[in-house]
Amino acid sequence: MEKYEHEYKAEQIQVLEGLEAVRKRPGMYIGSVSIRGLHHLVYEIVDNCVDEALAGYCTHIHITIEPGNIICVEDDGRGIPVDIHPKTKISAAETVYTVLHAGGKFGGDSGYKVSGGLHGVGASVVNALSTWTEVTIQRDGGIFYMKFEKGKTVQPLKRIGNSNKTGTKVRFLADDTIFETLEYDYETLEDRFREMAFLTKGLKISIEDLREDPKKQAEFCFEGGLVSFVEFLNKNKEKLHKEPIYIEKDGEVPVEIAFQYTTAYSENIYTFVNNINTIEGGTHLEGFKRALTKTFNDYARSHNLIKEKDANLQGEDIREGITAVVSVKVKEPQFEGQTKTKLGNSNVTGIVQSMVNEALGNFLEENPTVAKAILEKCISASRAR
Ligand code: 0RA
């Protein structure tokens with residue numbers, strides 16, 4: 001008995017030191033304490049719900065900006081587990097909110113955690129950086145509630161009622177002694193949730209801003225996923241072919257790509273790793289570009305669109321006018337570059353490259369009219385240059 005009490009205390013001290021470290025160096029965990037870092041708190045909480053959706057148990061996430069800049073995030077997933085750990089005597093839910101990096105450990109066999117914010121730090125960091133956080137969980141026939149202040153438990157998980165529903169609701173007020181501002185920008189959040197909805201087809205994400213009258217609100221759900229994303233990006237552009245080209249492959253590194261050519265001269269390729277926008281690109285982008293160059297050149301040669309003595313089309317000619325979204329899921333992503341938004345995992349290049357080579361090669365053979373329209377544009381880009 002005494003031994004356990006001792007361990008319990010040791011564990012508690014470690015927990016507090018962990019969250020104290022987050023409060024001392026918030027930038028290390030969320031990038032900054034500016035409005036960007038503030039928004040990051042919301043993304044961290046919503047990412048956990050997206051993981052539950054990716055595991056196949058959550059269909060709707062609702063975010064509310066309440067008066068006073070309180071954020072409320074509700075999902076209809078299974079609910080964070082409420083069972084008490086026999087050794088720590090703390091509920092799994094409380095552990096998720098008070099132990100740094102504990103989020104992923106409760107993933108069970110539901111697969112790997114693929115979503116995640118820029119730093120993938122989780123709920124405990126949000127808790128540490130909030131004046132208060134309250135969590136309400138519905139599962140196992142009950143409603144459970146817990147509350148924290150600046151990361152410290154002020155109400156351990158307790159059953160407060162009965163329910164036959166499941167889900168998790170998190171409300172928090174960011175700490176104004178840490179953040180430069182608590183004033184959330186509705187449009188920034190709306191844009192990010194639209195993007196998240198495009199990246200997880202079929203998932204409904206709704207947002208409501210109750211701070212001012214009239215309230216602002218939006219609801220996103222795209223059955224078309226990345227195809228809908230490309231259609232959205234191209235909505236005011238003239239297209240070279242009616243429907244975006246869509247390529248998908250599950251496996252060790254799941255890859256999903258949609259792209260469509262327009263009459264524009266610019267190249268717009270958006271890349272994501274685990275739903276994180278990789279602004280600096282990286283190995284997934286490299287694989288996609290190499291495949292485009294190779295496959296279009298092969299097709300152009302085998303169909304006599306470029307002559308034997310002519311040089312190959314260059315990558316930039318082949319990408320002129322393209323709008324593309326490349327989304328990969330990587331188990332242990334390595335982020336590099338100035339802003340840590342460049343994928344470094346070298347095996348991803350070959351995986352993306354070979355799947356695009358094969359799928360695009362087949363597509364072009366089956367859709368010669370589309371192939372011709374795109375290649376005519378590539379060839380004229382090459383001549384212009
Ligand atoms: C791990 C296991 C289970 C649920 C969750 C995590 C979960 C976490 C979050 C965070 C926000 N919403 C969430 N919803 C669910 C359930 C395991 C089981 O029921 O067997």
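All residue numbers in this chain count up from 1 along the given sequence. Indexing begins at 1, ligand by ligand and atom by atom, following the structure's order.
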Quick one: which ligand 1 atoms are inside 4.0 Å of a heavy atom on [X]?
X	value
R139	16 (C), 18 (C), 19 (O)
T168	12 (N), 13 (C), 14 (N)
N48	10 (C), 11 (C)

- prompt: So which bit of P81 gets within less than 4.0 Å of ligand 1, heavy atoms only: side chain, backbone, both or neither?
  reply: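 It is the side chain that touches ligand 1; the backbone stays farther off.
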task: Please work out which of the three classes, parallel, tilted or perpendicular, describes the rings of H62 and H60, given edges at 30° and 60°.
output: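 The rings of H60 and H62 stand perpendicular, inter-plane angle above 60°.
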query: Would you find more than 12 non-hydrogen atoms of other residues, nucleotides or ligands less than 6.0 Å from E358 atom CD?
result: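 12 or below, so no.
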message: Would you say NZ of K201 has more than 12 non-hydrogen atoms from neighbouring residues, nucleotides or ligands within 6.0 angstrom?
response: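 Above 12, so yes.
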field: Short N or O distance, D75 and ligand 1, threshold 3.5 Å exclusive
entry: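 Yes, at least one N or O pair falls under 3.5 Å.
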task: With side chain to side chain donor-acceptor pair (under 3.5 Å) as the test, would you mind laying out the steps for N304 and R301 before giving the verdict?
output: CA-CA 5 Å; N304 288 317; R301 291 229 177 263; over 6 Å; no
Test side-chain contact (heavy atoms from CB on, under 4.5 Å) applied to S124 and V99, step by step: CA-CA 6 Å; S124 62; V99 180; 6.0 Å; no
